[in-house]
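Working notes, structure below.
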Amino acid sequence: MAFAWKAAGLTYNRYLAIAARVVRRSLKEGPRLQAERRGEMDLRFAKWQGGKQGDNQSLGAANADAMAEHATSESK
């Protein structure tokens, strides 16, 4: 049996990010602000091909681009 996040075309990391955001937004004002500050991060990655490192990219921007591409491919 496939997991719901897998069937929706999400990676496990993206699924966890969405779940964490939902939990943070459900908290009361004080704890919510503290949790949102803890949840902020700036991750970067680079793809390697043929033994050469590619350009560094922001993980958040890459995820947003991938989600937008996925949404447009499903709407066709």
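Please read all numbers here as calculations on a predicted model, not as lab measurements. What's counted below: heavy atoms across the whole structure, side chains too, no hydrogens, waters or symmetry copies.
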- Query: So how far is it from Q57 CD to N63 CG, rounded to the nearest 0.5 Å?
  - Reply: 10.5 Å
- Rounding to 0.5 Å, atoms CZ (R32) and CZ (R24) come to a distance of 11.5 Å
- Where A62 and F45 come nearest, the two heavy atoms and their spacing: CB-CE2, 3.6 Å
- Closest heavy-atom contact between M67 and L10? CE-CD2, 3.5 Å
- Query: According to the side chain to side chain donor-acceptor pair (under 3.5 Å) rule, which pairs have a member within residues 8-18, sequence neighbours left out?
  - Reply: none
- Item | Interatomic distance, E29 atom CD to Q34 atom CD [nearest 0.5 angstrom] | 11.0 Å
- If you take all heavy atoms of A8 and H70, which pair is closest and at what distance? O-NE2, 3.6 Å
- Kindly write out the residues that satisfy side chain to side chain contact (heavy atoms under 4.5 Å, CB included) with A46, not counting sequence neighbours, or none if the list is empty. Q53, N56
